[in-house]
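Structure first, then comments.
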Amino acid sequence: MSTSLKRKFLLPILAGAALLILSAAIITQLGLLPELRSQLHKRAELMLTTIRAASEINPGYQDLRLALEEITLHTSGVYGITLATLNPTIIWASSTHPDADLDQHTADMLELLDSSAEQHIFGDFIHRNGDVIVIAPLKRLTDAPPQPKSFEQLKLPKGVDTSSVFSLNPDSYEGILYLRFNWAEAEALANNALLNHMLAISAAILLMLVLATTTLYKVILSPLNLISKTIHAQKSGTLDSRTQKLPDDEIGLLGSSINEMLDDIHNRDRLLKSVVNHLPVGLSLKGVDGKKIIQNEAYRTSYLSPYLDGKIREDLLNKRVDLQHRGYL
């Protein structure tokens, strides 16, 4: 099988696999950030539900401080959790991750809690460094629906933007929950998950590529390689060369047809040589490359033959001249 044919088959497969892996990486990366933020909000909802359930069990908030510390230490991505009461606004329980900048975190948290308590606003906020902050009421005292709040009406600390926000009547809730997620840590975990995901996809694609290439070689390239070797052997003069071990498919049928064609050519060639060899006149044929194609016995024994001894050729030429003088030629 020629190198060009292998390239025609294998290079598109390799290029397609690389393009598939690249496309999967791009698509996954484009959907990573929105999905990551969505996952953080789902985690926040779950944590809010857990803390609210704990507060129902302990109405006096007696064990919430330990619970908040446990959640902060053992939940990846959680930067800090704070529980503040309302009327008056008091920090009842607060837990900050050991890796956090305590002073800066506390300042940001107090500013945002003051804004929430003053304006009775809740929702999702984005810190300037990318951290996701969720502020929610600890308890709902009434079923009064939340009121949408215009972003222009908000008074937020510098460096904090809103993702979604709503307000409640002061007498419809009790307590404020503050959750902050470390975006850098969450993004790093997501990137690791993305890397593992892409490695798994790449391994699956490469496995499919190996299986496809192996199948392609055994079903198509290998039989064609046998046929190609037979044709090259014919060109080099091995006229009895035939393709063996052909598969039972279209390529095998092609190889069998070539074998039959070579048999027919070989039989006709033998018949032609036999006829030419019995001609009464000398015959010698050469190809365009100057190589001998066929010579019969009459030619090999004639005065034109280069195979005759010099003395024999001279005698034949003398006889020819004598016959010409006598008028026989």
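What you are looking at is a predicted structure, and each value in this text was computed from that prediction instead of being measured. We're numbering straight along the sequence, starting at 1.
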*So, T49 side chain and E45 main chain: donor-acceptor pair closer than 3.5 Å or not?*
yes

*Give, for atom CG of L168 and atom OG1 of T142, the distance between the pair rounded to the nearest 0.5 Å.*
8.0 Å

*asked:* Test of understanding: with side chain to side chain contact (heavy atoms under 4.5 Å, CB included), list the residues that count as partners of T214, not counting sequence neighbours.
replied: V210, K218

_Please determine whether the number of non-hydrogen atoms from other residues, nucleotides or ligands lying under 6.0 Å from atom CG of D264 exceeds 12._
yes

*So if you build clusters from Ile, Leu, Val, Met, Phe, Trp, Tyr with side-chain heavy-atom gaps below 4.5 Å, do V219 and M208 land together?*
no

*Which distance, rounded to the nearest 0.5 Å, do you find between the CD1 of I126 and the CG of D161?*
8.0 Å

_Check: S236 side chain, A233 main-chain N or O, donor-acceptor pair, under 3.5 Å_ = yes

*Between A44 and L179, what is the shortest heavy-atom contact and its length?*
O-CD1, 3.8 Å

*Spacing of R180 atom CZ and I81 atom CD1 [to the nearest 0.5 Å]*: 13.0 Å

*Test side chain to side chain contact (heavy atoms under 4.5 Å, CB included) applied to L271 and N267, step by step*: CA-CA 6 Å; L271 179 60; N267 292 334; over 6 Å; no

*Could you tell me whether D263 and R242 make a salt bridge, using a distance below 4.0 angstrom between a side-chain N and a carboxylate O?*
yes

_With a 4.5 Å cut-off on side-chain heavy-atom distances among I, L, V, M, F, W and Y, is there a chain of contacts connecting L138 to L46?_
no

*Minimum heavy-atom separation for I135 to F122, with atom names?*
O-CB, 3.3 Å

*asked:* Tell me the closest heavy-atom pair linking I251 and I227, and the distance in Å.
replied: O-CD1, 4.0 Å

*With side chain to side chain contact (heavy atoms under 4.5 Å, CB included) as the test, would you mind laying out the steps for T82 and L113 before giving the verdict?*
CA-CA 9 Å; T82 299; L113 279 178; 3.8 Å; yes

_Gap separating the OG atom of S228 from the CG atom of L224, nearest 0.5 angstrom_ = 8.5 Å

*For E111, side chain to side chain contact (heavy atoms under 4.5 Å, CB included) partners two or more places apart*: D108, P157

_The criterion is side chain to side chain donor-acceptor pair (under 3.5 Å); which residues satisfy it with N129, sequence neighbours excluded?_
H127, D131

*Got a sec, which residues hit side chain to side chain contact (heavy atoms under 4.5 Å, CB included) with D269, two or more places apart in sequence or on another chain?*
K273

_Minimal non-hydrogen separation, A117 against H120, with atom names_ = O-CE1, 3.5 Å

*Are the side chain of S257 and the backbone N or O of L253 linked by a donor-acceptor pair below 3.5 Å?*
yes

*Nearest-0.5 Å distance, NZ of residue K245 to CG of residue L226*: 9.0 Å

*Look at the side chain of T215 and the backbone N and O of L211, then say whether any donor-acceptor pair between them is shorter than 3.5 Å.*
yes

*Residues two or more places apart in sequence or in another chain: which of them pass salt bridge (Lys or Arg N to Asp or Glu O under 4.0 Å) with D249?*
none

*Student check: side-chain heavy atoms of Y178 and L112 closer than 4.5 Å*: yes

*Contacts of S167 that satisfy side chain to side chain contact (heavy atoms under 4.5 Å, CB included) - sequence neighbours left out*: I121, Q147, K149

*State the CD-CG distance between Q234 and D240, to the nearest 0.5 angstrom.*
8.0 Å

*So which heavy atom on S116 is nearest to which on I176, and how close?*
OG-CD1, 4.0 Å

*Checking side chain to side chain contact (heavy atoms under 4.5 Å, CB included) for the pair V134/M47: CA distance, chi angles, key distance, verdict?*
CA-CA 11 Å; V134 177; M47 293 171 65; over 6 Å; no

*Ignoring hydrogens and angles, tell me if any N or O in the side chain of N259 forms a donor-acceptor pair with the backbone of T243 under 3.5 Å.*
yes

